[in-house]
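Chain A is the first sequence line, chain B the second, and so forth, proteins listed ahead of strands; every chain is numbered from 1.
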2 protein chains.
Amino acid sequence: MLDLAILGLLGDGPLHGYEIRRRLRAQMGLAANVSFGSLYPALARLEAAADVEVVEPDDEAAPPPATGSLSGERAAMRSRRLVPGRGRRSKKVYRITDKGAAHFAALLNTTSNGDDQRSFGLRWSFARHLGPDARLALLERRRAQLVQQLGDAEGTDGLDDYARSVVEHAVEGISRDIAWLDDLIAAERAQDRRATPLEEAHGTAVPSESSPAQPGAAR
Amino acid sequence: MLDLAILGLLGDGPLHGYEIRRRLRAQMGLAANVSFGSLYPALARLEAAADVEVVEPDDEAAPPPATGSLSGERAAMRSRRLVPGRGRRSKKVYRITDKGAAHFAALLNTTSNGDDQRSFGLRWSFARHLGPDARLALLERRRAQLVQQLGDAEGTDGLDDYARSVVEHAVEGISRDIAWLDDLIAAERAQDRRATPLEEAHGTAVPSESSPAQPGAAR
DNA sequence: ATTCGCTATATCGATACGATATGATGTAAT
DNA sequence: ATTACATCATATCGTATCGATATAGCGAAT
């Protein structure tokens, strides 16, 4: 789950850990209140798996040196970083690798997720990386989940006023989420129809991104 | 967090694990989607800490036998439970102890919590165990958290339509939660005033919800 | 000067999750 | 009647995440 978030953000350019967290808090606001205690281990994990790599200050814009034995010097630099009295810079900037990008695509497309609210919010905010069909499937899946949650929250019998207020508020929230999803679904359908005018659709009809038009409905 | 939920539910009478989970799912609906992988270890934890105890089928309504050497037989029964071919009953019913009740009160009253949505929902659904002042404090604390979250979710600049829709939906949700809290706060204040008629307060000082002052800040 | 607050990385122990195994029990189909 | 299946129920394993805490560089205020 965190891996997905990190790889997704890194897809728009190299970042360091602190900044990744800042964006997660600001962008997914509620959805992701990730702590350092999970973020840094996750970055280490991803680095070990070669999904991301640390970018050296000189590289910055240059693509990976294509290869070759990375000299001992380089390795030392990577681990040493920030010798107390010298050396400057304490940031550790990460860049996504090709392997990481593939991993991201895989994670994003997996149906059957550990899927609360957060997971959906995360996936949807990366929806531009999905095809129209996958987007719709994601929305429908989430909708089904919410509908089921509504079903599970049976009667509020036997609850005192306090507990009942919690349940009722929750139910309202879920209903609201469903309405929101319905808007998104309608918007997606409308867009698909526009992009694929039935019989016409000659040839190169929409690879993927292009103009998301309006998921607007949201409001 | 789970301890709080378990002890709170057990406060209304003995339950077994599966039933605890069922109630958490139904009652706190969204708030608590606890898994068995956390529930059973939590129960074991609480039992080890003597916050809960396993109730034997004959006890049911009887208070703990007051003491004395619990014979080896009893201990054996407790651990053996459900010998394949004999013995009946596979449920393990837990009852809260005095120590557990004290622990619950302590947990419920701790300010400075691991406090997402869930934690607040849980606490509020047990609000009847709190004094009026503690209830108000809980509401105000939660409100402040949400206001701050709104602040953190800065501009939606640089985000594509999908990501933006997530942020906007989240912001609306938070605003809605704040308004809800304002209603609860107003209701609590009204109730306090009614219970403590101050100097004058000639009778019906208009309780009711509505008119939550101004949630202002939002948006 | 030094204290304060912010950026930044890192680790530790406790907790929670998701998958999975196992068995009992009730209930419907063959 | 036996089989098959869904549901109730407890339990454990590995991994992910959390919250607290430590460390340190750095710029601004006191």
For [X], what residues pass the side chain to side chain donor-acceptor pair (under 3.5 Å) criterion, not counting sequence neighbours?
{"X": "A/His169", "answer": "B/Asp177"}
{"X": "A/Ser165", "answer": "B/Trp124"}
{"X": "A/Ser175", "answer": "none"}
{"X": "A/Glu172", "answer": "none"}

Open item on the list: Please determine whether a side-chain nitrogen or oxygen atom of B/Tyr40 lies at a distance below 4.0 Å from atom OP1 or OP2 of D/dA11.
Closed with: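 No, B/Tyr40 has no side-chain N/O under 4.0 Å of OP1/OP2 on D/dA11.
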
- [ ] For C/dT9, take OP1 and OP2 only and decide whether either is under 4.0 Å from a side-chain N or O of A/Lys92.
- [x]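 Answer is no, no contact under 4.0 Å.
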
[N] [atom2] sits how many Å from [X] [atom1], rounded?
{"X": "A/Glu47", "N": "C/dT9", "atom1": "CD", "atom2": "P", "value": "12 Å"}
{"X": "A/Phe36", "N": "D/dA16", "atom1": "CZ", "atom2": "C1'", "value": "18 Å"}
{"X": "A/Leu43", "N": "D/dA16", "atom1": "CG", "atom2": "P", "value": "13 Å"}
{"X": "B/Leu24", "N": "C/dC17", "atom1": "CG", "atom2": "P", "value": "11 Å"}
{"X": "A/Asn33", "N": "D/dT17", "atom1": "CG", "atom2": "P", "value": "13 Å"}
{"X": "B/Tyr18", "N": "C/dG26", "atom1": "OH", "atom2": "C1'", "value": "13 Å"}
{"X": "A/Leu39", "N": "C/dA8", "atom1": "CG", "atom2": "P", "value": "12 Å"}
{"X": "B/Leu15", "N": "D/dC8", "atom1": "CG", "atom2": "P", "value": "16 Å"}

Between the protein and nucleotides 12-16 of chain C, are there any N/O to N/O pairs under 3.5 Å, and if so, what are the atom names and distances?
residue, atom, partner, partner atom, Å
C/dA16, OP1, B/Leu2, N, 3.2
C/dA16, OP2, B/Arg45, NH2, 3.0

Task: Pair B/Arg123-B/Thr110, side-chain donor/acceptor within less than 3.5 Å - done: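 Yes, B/Thr110 and B/Arg123 have a side-chain donor paired with an acceptor closer than 3.5 Å.
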
Task: Selection residues 33-52 of chain B - residue pairs positive for ring-ring contact (aromatic ring centres under 6.0 Å, His included), sequence neighbours left out - done: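 Of all non-adjacent pairs touching residues 33-52 of chain B, those that pass ring-ring contact (aromatic ring centres under 6.0 Å, His included) are B/Tyr18-B/Phe36, B/Phe36-B/Tyr40.
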
